[in-house]
Amino acid sequence: MNLTKFPRRNYVQDATPIEALPAFSAALGGKVNIFIKRDDLLPGCAGGNKTRKLDFCIADAMQNGADTIITCGAVQSNHCRLTLSWAVKEGLDCHLVLEERVPGSYKKDGSGNNFLFKLLGVKSTTVVPGGSNMLGEMEKLAENLKKDGKKPYIIPGGASNAIGATGYVACAEEIMQQLFNKNLSIDHMVVPSGSAGTHAGIVVGMYGTNAGIPVSGINVSRKKDVQEEIVHKLVLETAKRIGMRETVPADQITCYDSYVGPGYSIPTDGMTEAVKLLAQTESILLDPVYSGKAMAGLIDLVRSGHFATGSNVLFLHTGGSPALYAYLDTFQ
Ligand SMILES: *Cc1c(COP(=O)(O)O)cnc(C)c1O
């Protein structure tokens with residue numbers, strides 16, 4: 001795969017570390033060796049997976065002459081924080097449309113990412129009820145900004161289109177090169193599966209490089225069959241965009257929906273256990289909405305004997321720890 005033909009802003013200059021988690025693995029019985037890909041350490045304010053996608057999406061915006069970025073997300077969206085962060089660095093205006101998926105969850109003076117929106121100087125935030133037509137809301141905002149002479153560009157939620165997912169195709173290539181350099185063989189990969197760009201990009205990259213590493217996605221909101229279909233659709237679009245000749249079969253996509261709990265962003269016992277255990281064994285911070293639930297999934301899969309004894313499992317840490325500070329009560 002030759003990804004150099006796609007415009008990007010070079011936000012990702014160096015590979016993020018792949019680290020062993022010996023104490024965490026031991027705490028889970030020691031039969032499976034768990035490794036972590038530290039995309040929480042990517043550049044951009046407070047790090048996280050959206051930087052890889054925005055590298056390509058913001059390049060596309062700038063190529064289209066945009067001076068303003070509009071995007072959307074949940075009230076504690078890491079994607080909104082990182083889009084704003086890169087817009088600041090590029091000298092672009094940034095407007096956010098926030099979906100209050102849990103009624104009453106938007107707090108004007110909220111902590112976590114919500115606080116960072118203001119600190120980073122967001123131009124405007126529009127809060128809409130859960131279930132709103134987010135694209136429609138962003139288009140409305142874009143029309144108003146155009147009337148003021150602005151050139152807005154809309155980045156979809158999570159930057160999860162084929163442009164953004166290309167960032168995670170690149171990540172899969174990066175991982176394969178690192179594993180070769182370390183002479184480390186990975187048997188299985190576990191990733192969070194939300195707006196699906198991360199999961200889709202990794203699947204395309206692993207399939208396209210003939211890695212032979214199965215990828216499991218841990219859902220954070222949707223049911224298994226719905227999510228698998230969304231991921232596969234984006235896999236096909238992304239594979240087509242990067243010029244892959246083969247099509248990627250649907251059986252390359254596996255999602256687990258048992259770790260969502262009552263709903264998106266609502267805490268679960270498995271999530272709090274995962275966040276505490278990784279913090280207290282390896283001093284790595286997960287987040288309550290994505291990586292915490294994804295790690296709860298990995299922990300359960302290890303305990304239930306899903307992975308063969310002695311296997312090496314790589315967890316993709318997608319970031320999000322600023323949201324922890326909006327969940328202090330959950331951890332007390
Ligand atoms: C957005 C996000 C995810 C999910 O990635 P998608 O590409 O939307 O599926 C996972 N973890 C964190 C911390 C995120 O912010």
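Read the numbers this way: they start at 1 and go in the same order the structure lists the ligands and their atoms. Note that this is a predicted model, so its numbers are computed, not measured. Positions are given from 1, in the same order as the sequence printed here. Just the heavy atoms: all of them, side chains too, but no hydrogens, waters or symmetry mates, feed the values below.
Here the protein heavy atom with the shortest distance to atom 8 (O) of ligand 1 is S195 OG, 2.5 Å. Of the protein's heavy atoms, G194 N, 2.7 Å lies nearest to atom 9 (O) of ligand 1. When hydrogens are left out, the protein atom nearest atom 11 (N) of ligand 1 is T318 OG1, 2.6 Å; that is the closest non-hydrogen contact.
For N49, every heavy-atom contact with ligand 1 shorter than 4.0 Å involves the side chain, none the backbone.
Heavy-atom separations between G320 and ligand 1 include at least one value shorter than 4.0 Å.
The ligand atoms of ligand 1 that sit less than 4.0 angstrom from a heavy atom of S160 are 7 (O). Atoms of ligand 1 lying under 4.0 Å from at least one heavy atom of A196, given by number and element, are 6 (P), 7 (O), 8 (O), 9 (O). Counting the atoms of ligand 1 from 1 in the order shown, those under 4.0 Å from a heavy atom of K53 are 6 (P), 7 (O), 8 (O). Taking every non-hydrogen atom of G197 and a distance limit under 4.0 Å, the qualifying atoms of ligand 1 come out as 7 (O).
Judged by distance alone, the side chain of T238 and the main-chain N or O of G201 form no donor-acceptor pair under 3.5 Å.
Side-chain contact check for S216 and H188: at least one donor-acceptor pair (N or O, by modelled atom type) lies under 3.5 Å. Between S25 and N33, the side chains place no donor N or O within less than 3.5 Å of an acceptor N or O (distance only, hydrogens not considered).
Around the NZ atom of K5, the shell of radius 6.0 Å holds more than 12 heavy atoms that belong to other residues, nucleotides or ligands. Around the NZ atom of K118, the shell of radius 6.0 Å holds more than 12 heavy atoms that belong to other residues, nucleotides or ligands. Within a 6.0 Å radius of CG in N181, other residues, nucleotides and ligands contribute more than 12 heavy atoms. The 12-atom threshold is exceeded at CD of E19, counting heavy atoms of other residues, nucleotides or ligands nearer than 6.0 Å.
Any N or O atom pair closer than 3.5 Å counts here, and N78 shares at least one such pair with ligand 1. Residue Y290 has no N or O atom closer than 3.5 Å to an N or O atom of ligand 1. In terms of polar-atom proximity, K50 is counted as a contact of ligand 1, with an N or O under 3.5 Å from an N or O of the ligand. Looking at ligand 1, you won't find any N or O of D287 less than 3.5 Å from one of its N or O atoms. In terms of polar-atom proximity, defined here as any N/O pair under 3.5 Å, H79 makes no such contact with ligand 1. The N/O atoms of G319, backbone and side chain alike, include none that comes under 3.5 Å of an N/O atom in ligand 1. Here's the thing with T198: one of its N/O atoms is less than 3.5 angstrom from an N/O atom of ligand 1.
Ring-plane geometry between W86 and Y11 is classed as parallel, the angle between the planes falling under 30 degrees on a 0 to 90 degree scale with a further cut at 60.
At a threshold of 4.0 Å, the pair E237-R241 does not count as salt-bridged, since none of the basic side-chain nitrogens sits closer than that to a carboxylate oxygen. For E143 and K140, the salt-bridge test fails: no basic side-chain N is under 4.0 Å from an acidic carboxylate O.
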